[in-house]
2 protein chains.
Amino acid sequence: MKTNERSGTQPTASDVARAAGVSRATAARVLGGYGYAGSEARELVLNAAKRLGYQPNQLARSMATGRTKTIGVVVADIENLYFARAIRAITDTANAKGFDVVLANTDENVDLERSAVRVMLAKRVDGLIVSPASSVEVDHLVEARKMGCPFVLLDRRVPILQADSVAIDNFAAAHEAVSAFVGAGHKRIALVSNSSLQGGQKYLTSPVRERLEGYKAALQDAGIRVDSKLAIFGAGDNDNLARKVRNLCQSEERATAFLAVTSAVALVILSVFREVGLSIPGDVSLICFENADWTIAVTPPLTVISQPIKELASAVTERLIGRLEGDLTSPSKETLLAATLISRGSVNTPSLD
Amino acid sequence: MKTNERSGTQPTASDVARAAGVSRATAARVLGGYGYAGSEARELVLNAAKRLGYQPNQLARSMATGRTKTIGVVVADIENLYFARAIRAITDTANAKGFDVVLANTDENVDLERSAVRVMLAKRVDGLIVSPASSVEVDHLVEARKMGCPFVLLDRRVPILQADSVAIDNFAAAHEAVSAFVGAGHKRIALVSNSSLQGGQKYLTSPVRERLEGYKAALQDAGIRVDSKLAIFGAGDNDNLARKVRNLCQSEERATAFLAVTSAVALVILSVFREVGLSIPGDVSLICFENADWTIAVTPPLTVISQPIKELASAVTERLIGRLEGDLTSPSKETLLAATLISRGSVNTPSLD
DNA sequence: CTGAAAGCGCTAACAA
DNA sequence: TTGTTAGCGCTTTCAG
């Protein structure tokens with residue numbers, strides 16, 4: 001049986017060549033858009049292709065060229081507004097540059113992340129954009145690099161990797177928010193996160209760690225003692241976190257201002273406030289990270305820290321594509337983007353109980 | 001130069017074979033997990049593979065088998081909570097069945113959808129899950145089918161395609177919500193959507209169309225005249241939609257109850273209410289589709305229609321994989337899942353102005 | 001400008 | 001059980 005037989009349903013470049021009456025190489029050249037081709041041959045091929053409904057096979061193309069024009073994106077939580085927006089922006093800028101995107105979700109779980117990276121390597125993506133779940137267990141990223149698959153870190157930094165990264169200046173953002181509280185007269189200011197503090201600070205992701213540091217620094221700069229009881233960490237479990245917040249609200253020396261590390265945390269805090277009868281901004285003040293749409297629909301509208309997600313995503317994508325297109329040598333770079341404090345109605349002078 | 005030379009960085013199955021001292025076929029058999037292999041040969045190969053850091057090349061594998069074990073997901077808006085959750089659930093169940101997922105976003109734009117589908121076909125995904133932006137322009141889906149790439153519709157139905165689909169029973173859900181309003185004594189009930197009504201109802205996506213129909217039917221069942229001024233459609237533009245809602249709120253015969261087609265629309269409505277000084281549930285009642293997290297953080301908590309997204313996504317994925325694994329013949333099936341009305345604090349008896 | 005032929009890394013008959 | 005031999009559909013020298 002000849003190799004050029006009809007193989008089933010999908011027409012191949014050979015089929016087109018035969019239908020056009022030219023050689024496979026010529027057909028392939030015009031279909032693939034490379035090499036020379038006479039104008040009449042081109043015409044013939046294009047017609048035949050249209051007639052047969054030819055669709056190029058990217059697998060075969062990648063197989064031959066060794067490049068897939070695809071970048072893999074590995075994020076911790078696609079249901080998180082912040083990452084959803086980032087993914088959206090990443091695919092937009094990648095597409096604009098001729099790259100496709102494949103996505104994987106890790107649920108903040110290192111094992112899932114490891115296997116996601118493995119799958120991407122097997123699919124031979126040209127490069128990776130990753131928001132690593134851990135700043136310690138990064139062996140799979142080291143391996144990716146070793147296999148010649150460059151990566152850029154999204155939103156999270158991992159110093160030991162010496163990798164390219166694009167993130168928010170979380171230290172400055174937290175510092176600014178806390179300073180705003182201080183400026184309004186607050187002294188007992190709480191930081192609330194749903195990350196687990198297990199194993200110590202170094203196991204926190206860099207954004208959370210840096211926000212904590214910015215928080216402490218701002219207090220110190222204002223001459224306020226840092227009270228560890230005011231820094232609350234959950235464990236991904238909202239009920240548990242709510243309990244801790246409730247305790248703090250009902251203690252003798254309750255906080256008068258709260259900085260929520262994410263909008264999801266702010267939601268938990270709001271429900272506790274309602275439950276214990278604290279009202280914003282009369283009784284307590286609140287600022288949260290992430291400018292979620294709903295924050296202007298509550299009463300009062302929330303003062304938030306808005307992050308330039310689109311810029312972040314474009315920057316990370318462009319950095320990676322830069323690497324892919326030849327810039328293998330320049331040293332790794334950590335890019336930090338500034339967040340913006342948007343003042344709305346949730347910060348006020350503390351009431352004197 | 002022999003073909004088995006070290007080609008650069010990535011070791012191939014041949015490299016492993018040579019290092020293990022067996023034939024390429026044997027090595028391939030154990031590495032690929034198919035065919036027979038003696039236990040000592042297997043041992044040898046596995047060791048060599050580990051030593052060289054062998055990673056299989058999926059491209060080559062797919063090339064040879066004709067299957068990629070990958071499904072393409074094409075959604076209208078990844079930033080939309082509803083789709084984000086669906087994507088998450090789809091990847092989870094696909095992974096559990098040994099499939100990878102590649103994702104594309106279309107922004108509700110048919111041209112982007114067309115090109116996304118084309119890319120997926122070029123990547124030779126085994127099948128597609130699509131929430132089509134249009135129920136009219138579906139030529140690319142017809143083409144996909146013709147090329148032997150099965151697809152299942154997610155959340156949206158397109159009768160003319162005669163395709164498998166899994167969606168919510170939107171008619172019943174809207175009917176139930178409106179009946180709840182009626183039961184509380186409302187007569188002037190509005191439906192608000194940000195879809196464009198341009199070109200008539202048939203251009204609406206099926207969920208919006210069916211919600212509109214359920215809304216009308218419920219009114220008729222209650223003996224209430226359907227007033228077209230009470231069905232508000234935007235055009236994706238929030239400011240414009242807000243203006244229309246404001247007009248309705250300030251007109252002589254304002255509505256006393258609002259059914260929002262999405263949580264994003266509810267946000268727009270809430271801001272208008274605040275602006276014109278209408279309070280829930282004293283002055284107006286509100287129900288919205290989508291059980292977004294924030295709906296319990298506003299005052300009062302919103303009565304919502306909760307959709308079983310996870311079940312929806314599992315069902316759609318399983319249906320597709322079923323098709324992929326041999327069930328090519330059975331007729332297409334439209335699955336409808338029931339939504340649930342969750343009563344919270346935003347529905348009340350209408351005030352008498 | 002066009003055609004012939006080799007090869008990307010793997011799977012899959014078939015023979016030994 | 002193992003090895004041999006064809007391909008999968010495309011790109012890419014290298015001659016003609």
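Labels below follow one simple rule: chain letters A, B, ... track the order of the sequence lines, proteins then strands, and each chain is numbered from 1. Treat the numbers as computed from the prediction; the structure is a model and nothing was measured.
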For the pair made of [atom1] in [X] and [atom2] in [N], what is the distance, rounded to whole Å?
{"X": "A/Glu43", "N": "C/dT2", "atom1": "CD", "atom2": "P", "value": "13 Å"}
{"X": "A/Arg18", "N": "D/dC10", "atom1": "CZ", "atom2": "C1'", "value": "16 Å"}
{"X": "A/Leu44", "N": "C/dC1", "atom1": "CG", "atom2": "C1'", "value": "15 Å"}

| query | Using a cut-off of 4.0 Å between protein heavy atoms and nucleotide atoms, how would you tag nucleotides 10-16 of chain C 5' to 3' with B, S and -? | reply | BBBB---

| Does the side chain of B/Ser23 get closer than 4.0 angstrom to OP1 or OP2 of D/dT2 through an N or O atom? | no

| query | Under 3.5 Å, side chain of B/Gln55 to main-chain N/O of A/Leu121, donor-acceptor pair present? | reply | no

Kindly write out the residues that satisfy side chain to side chain contact (heavy atoms under 4.5 Å, CB included) with [X], not counting sequence neighbours, or none if the list is empty.
{"X": "A/Ser206", "answer": "A/Arg156, A/Arg157, A/Arg209, A/Glu210"}
{"X": "A/Arg29", "answer": "A/Ala25, A/Thr26, A/Tyr34"}
{"X": "B/Arg51", "answer": "B/Ala48"}

| query | Mind checking what makes side-chain hydrogen bond (donor to acceptor under 3.5 Å, both in side chains) contact with B/Glu137, not counting sequence neighbours? | reply | B/Arg114

Please output the side-chain donor-acceptor pairs of residues 76-86 of chain B that fall under 3.5 Å, not counting sequence neighbours, one pair per line with the distance.
unit_1: B/Asp77; atom_1: OD1; unit_2: B/Glu79; atom_2: N; d: 3.0
unit_1: B/Glu79; atom_1: OE2; unit_2: A/Arg88; atom_2: NH1; d: 3.2
unit_1: B/Tyr82; atom_1: OH; unit_2: B/Asp155; atom_2: OD1; d: 2.6

| said: For B/Glu311, give me all partners under salt bridge (Lys or Arg N to Asp or Glu O under 4.0 Å), at least two apart in sequence or on another chain. | reply: none

| Between the first and last five pairs of the helix from C/dC1-D/dG16 to C/dA16-D/dT1, the angle of the axes, rounded to 10 degrees | 40°

| What residue pairs, at least two apart or across chains, pass salt bridge (Lys or Arg N to Asp or Glu O under 4.0 Å) with a residue in residues 58-72 of chain B? | B/Arg67-B/Asp126

